[in-house]
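One structure is given below, encoded as structure tokens.
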Amino acid sequence: MLDIIGPVMVGPSSSHTAGAAKLGRLARRAWNGEVNKVDIFLRGSFASTYWGHGTDKALIGGLLGFMPDDERIRDALEIARQRGLEYRFFGESIDGAHPNSVRFVIYEEDRTMELVGASLGGGVIELKEIDGFSISLSGDLAAIITFHRDQPGVVAAVAGVMAEKGLNIATMRLHRQGRGGRAAMVIEIDGELKESTKDEILNSHSALMRVIFIPSPESDVR
Amino acid sequence: MRSFEEILKLCEVDLEFHEAVVELESRESGKSEDLIYANMSYMFDAMEQSVNSAINAEFKGRMMEDEARRFERYIAQRDIPLSGKFITRASRIALSVSQYNASMGRIVAAPTAGSCGILPGLLFAYRDLYGPSRDMLVKALIVAGGVGEVIQKRATLAGAEGGCQAECGAAAAMGSAALVYLEGGSPEASAHAAVLTIKSLMGLVCDPVAGLVEVPCIKRNGTLVSLASLCADMALAGIRSVIPPDEVIDAMRRVGRALPESLRETSKGGLAATPKGRELEKKIFSEVPPMAEI
């Protein structure tokens, strides 16, 4: 019943505006810092009706750190220019892509990140890809994403660090590209994450290659 | 909660509709009743804020004019408008909030953004004319939420799945049940008000011109408050739906599924496919700034 009245949001569309703002914010949270340069590739109905629904403003608003109910979303494109956020929009058609989806390529001098997300309706979103790796993440909670080689003991090692830090696992999902190949683990947690925990997780097993922290949606509100 | 039956059964043991809804929600979500009430109280405040902002906002639509303001001027000139003071006031608020949504204002989806004018229209017109306590209005909002939950569980609240009956139709049904509560009607009367409303707009199609939440969405918000109000009066008078409430919602689900895709938010049929609808669509798409294609 609690999701029937609400969310409080900037109109006009929960999937094309509120969902888009959440996707922008999720990309910002994954990037973990101020976004200064981004290319945004709109797919499906995002590409065809983005303008009428303010999808572009909502995506940029989210990247600036605005919540979906922040009325500054209306002026997000101007605010982005004032804050020095450089953005470009493209349309792309990808076979089998979700009808309301978007690909972000965020970059600065020495680092880039590519994210694909979809707006599932009613403001519910899903992060579907990070740097070419298929995952599934709702973005409702803080999350840890590990990239590693598929080897025994990785899950236990990561879970061990979390137990030591008193971090409670809410959900956990493993994704791999074949046995012994590249793998990713997506762990949603209750509460917030400390940056120092990231290195401890990375060093907990030799098969771990990279760890991404996504702070909770309540954090980093601008 | 999956059914009106479930809610009404709890009400038999001396609970009001909103109390039964909160108890069921608490059982299912594990959240405390206080937290559920606090959340609705927050939504009520946000809704009130949206009404206040919307009433004062200028509207510049892509396809339609500021009809809320036009209606307000008309109401001010009439002693008692043909549809009465309550309905015209509710309609004026519903038009405003819906216009505000279309211009990227901050609203409360109730149950969706496209139908966000109807509930505030009914609740705040009632407040303005009859002066209930804030607490009563929050409880009325919970009644509305319970009705919406049953519709979501048994049918759908998405226009793309079930047509406009699932969005503006659901909002009107929710509002009708809320009005019955505010007027002191029984829980059973609330349930019947909701489905009397649904029965009168079953099969309503979702056909937005150019895919935007403007034509016909805004005016549908403005007109459906009248049906909600009348069905509340009928239910208060003791009129009952012959088809049991849950069966009406089940029929609504099947009707929604039977609607052709062209009439489910695809802008391929209905008003969107009229010559004028197509002309507006063409004009709007010609204004879209060019985007690189790769």
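We use all heavy atoms of the structure for the numbers below, so side chains are in, but hydrogens, waters and symmetry mates are not. Every chain is numbered from 1 and lettered A, B, ... according to where its sequence line falls, protein lines coming before strand lines.
At most 12 heavy atoms of other shown residues, nucleotides or ligands fall within 6.0 angstrom of atom CD in A:Glu109. Heavy-atom contacts from other residues, nucleotides or ligands closer than 6.0 Å to CD of A:Glu78 number more than 12. Residue-environment remark: NZ (A:Lys37) stays at or below the threshold of 12 foreign heavy atoms within 6.0 Å.
For B:Tyr42, the part lying near chain A is the side chain, with the backbone staying farther off; criterion is any non-hydrogen pair under 4.5 Å. Contact annotation for A:Asp3: only side-chain heavy atoms (C-beta onward) come within less than 4.5 Å of a heavy atom of chain B. For B:Lys31, the part lying near chain A is the side chain, with the backbone staying farther off; criterion is any non-hydrogen pair under 4.5 Å. Only the side chain of B:Leu157 comes within contact range of chain A, judged by heavy atoms closer than 4.5 Å. With a 4.5 angstrom heavy-atom cutoff, B:Ser103 touches chain A only via backbone atoms. When heavy atoms are compared at a cutoff of 4.5 Å, B:Leu24 does not approach chain A at all. Heavy-atom distances place the backbone of A:Ser48, and not its side chain, under 4.5 Å from chain B. Heavy atoms closer than 4.5 Å to chain A are found nowhere in B:Ala158, neither backbone nor side chain.
Taking the side chain as every heavy atom from C-beta outward, B:Gln49 and A:Val8 never approach each other to under 4.5 Å.
Atom CD1 of A:Ile4 sits about 7.5 Å away from atom NZ of B:Lys153, to the nearest 0.5 Å. Rounded to the nearest 0.5 Å, atoms CD1 (A:Ile5) and CE (B:Met174) are 3.5 Å apart. Atoms CD and OG, from B:Glu265 and A:Ser45 in turn, are 8.5 Å apart once rounded to the nearest 0.5 Å.
With sequence neighbours left out, A:Pro68 forms a side-chain contact (heavy atoms from CB on, under 4.5 Å) with A:Ala18, A:Ala21, A:Lys22. Here A:Arg176 pairs with A:Asp150 under the side-chain hydrogen bond (donor to acceptor under 3.5 Å, both in side chains) rule; sequence neighbours left out. Not a single side-chain hydrogen bond (donor to acceptor under 3.5 Å, both in side chains) links A:Asp140 to another residue, sequence neighbours left out.
Contact record, A:Arg74 with B:Met104: NE-O, 3.3 Å, taken as the closest heavy-atom pair. For B:Ala102 against A:Pro12, the heavy-atom pair with the smallest separation is CA-CB, 4.0 Å.
Heavy-atom pairs under 4.5 Å with chain A were tallied for B:Ala113, B:Ala171, B:Ala144, B:Ala160; the largest tally goes to B:Ala113. Among the candidates B:Ser29, B:Ala109, B:Cys217, the residue making the largest number of heavy-atom pairs closer than 4.5 Å to chain A is B:Ala109. With chain A as the partner, the residue from B:Ile107, B:Ile151, B:Leu212, B:Leu141 showing the most heavy-atom pairs under 4.5 Å is B:Ile107. By number of non-hydrogen pairs under 4.5 angstrom with chain A, the leading residue of B:Ala110, B:Ala210, B:Gly105 is B:Gly105. Chain B forms the most heavy-atom pairs under 4.5 Å with one residue out of A:Ala58, A:Pro7, A:Ser14, and that residue is A:Pro7.
Within residues 121-139 of chain A, no residue has any heavy atom less than 4.5 Å from a heavy atom of chain B.
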